[in-house]
2 protein chains.
Amino acid sequence: MLRKPDIGRVFHALGDPTRRAILEQLSRGPVSVSQLAEPLAITLAAVVQHLQVLEESGLVQTAKLGRVRTCSLEPGGLNVAAQWIEDRRLHWDRALDHLGKLLDDDEK
Amino acid sequence: MLRKPDIGRVFHALGDPTRRAILEQLSRGPVSVSQLAEPLAITLAAVVQHLQVLEESGLVQTAKLGRVRTCSLEPGGLNVAAQWIEDRRLHWDRALDHLGKLLDDDEK
């Protein structure tokens, strides 16, 4: 069962440039761990470690088929982050509207 | 002049629960630093430190008027994060469409 991704873990995972590069590559389609490592110029062990953080935060899913582990983007993690940001922007827009009305009333 | 917020800094700043709590409060409207500190149950010095990270990452603006420093949400930082996430989701949707078409062609 998939738990709802933890917002803190998601943003922490997104704070690292290598993990963002992994997500940028995975957003173009699923690839194997070794294909993922190739353009990153880091060791396979480092990639696996980053993948673990991404998997635990709900941003990536991996599945082993025979001897190959394939990684895919898991939209759940991105959705949680996008929703948190959207909520802040909504509240902020409302706060600005409210301030605007207060100023209007002051002028009357 | 406002530089475009750095995506790594923005996500790093969002990874901390106290900084997210600050942004949640600021999204409801500008407040002074001491008003901000009150519900957080941390020292004023800690709040100031978090505010500095938020300001440097383009998520918050502060302005001093007389003896009071007022903090406001700065939507630029959130916009950069939202855009990065949106780009990933767009690419991913396209990748899924492409995979779907390949499977359809296979079946024919």
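Residue numbering restarts at 1 for every chain, and letters A, B, ... go by the order of the sequence lines.
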- Message: Tell me whether B:L44 shares a hydrophobic cluster with B:I22, the cluster being built from Ile, Leu, Val, Met, Phe, Trp, Tyr side chains joined at under 4.5 Å.
- Response: yes

- Item | chain B contact via A:R20 - side chain, backbone, both or neither, heavy atoms under 4.5 Å | both

- Item | Top contributor to chain B interface from A:R88, A:H91, A:E86 [non-hydrogen pairs under 4.5 Å] | A:R88

- Note on the structure: Whatever's closer than 4.5 Å to a heavy atom in chain B on A:L26 counts as backbone

- Item | Structural part of A:L73 lying under 4.5 Å from a heavy atom of chain B | both

- Quick one: pull up NE2 in B:H12 and CG in A:D16 and give me the separation to the nearest 0.5 Å. 11.5 Å

- Distance (rounded to the nearest 0.5 Å) between B:L23 CG and A:I85 CD1: 10.0 Å

- Message: Side-chain heavy atoms nearer than 4.5 Å, only ILVMFWY residues, links allowed to pass through others: does that put A:L90 and B:V60 together?
- Response: no

- Should we count CD of B:E24 as having more than 12 external heavy atoms under 6.0 Å? yes

- Step through the shown structure and confirm whether more than 12 heavy atoms of other residues, nucleotides or ligands are within 6.0 Å of CG on B:L65. no

- How many angstroms lie between OG in A:S27 and CZ in B:R94, if you round to the nearest 0.5 Å? 9.5 Å

- Message: Does B:V10 form a side-chain contact (heavy atoms from CB on, under 4.5 Å) with A:F11? I'd like the steps, not just the answer.
- Response: CA-CA 9 Å; B:V10 171; A:F11 281 133; over 6 Å; no

- Message: Just checking A:E38: does its CD atom have more than 12 heavy atoms from other residues, nucleotides or ligands closer to it than 6.0 angstrom?
- Response: no

- Query: Going only through I, L, V, M, F, W and Y residues with side-chain contacts under 4.5 Å, is there a path from B:V31 to B:V48?
  - Reply: yes

- Query: Between A:L51 and A:V53, is there a shared hydrophobic cluster once you connect ILVMFWY residues whose side-chain heavy atoms come closer than 4.5 Å?
  - Reply: no

- Query: For the candidates A:L78, A:D93, A:D87, which exhibits the highest count of non-hydrogen atom pairs separated by less than 4.5 Å from chain B?
  - Reply: A:L78

- Message: If I take atom CH2 from residue A:W92 and atom CZ from residue B:R28, how far apart are they, to the nearest 0.5 angstrom?
- Response: 12.5 Å

- Item | Non-hydrogen side-chain atoms of A:P30 and B:L99 separated by less than 4.5 Å | yes

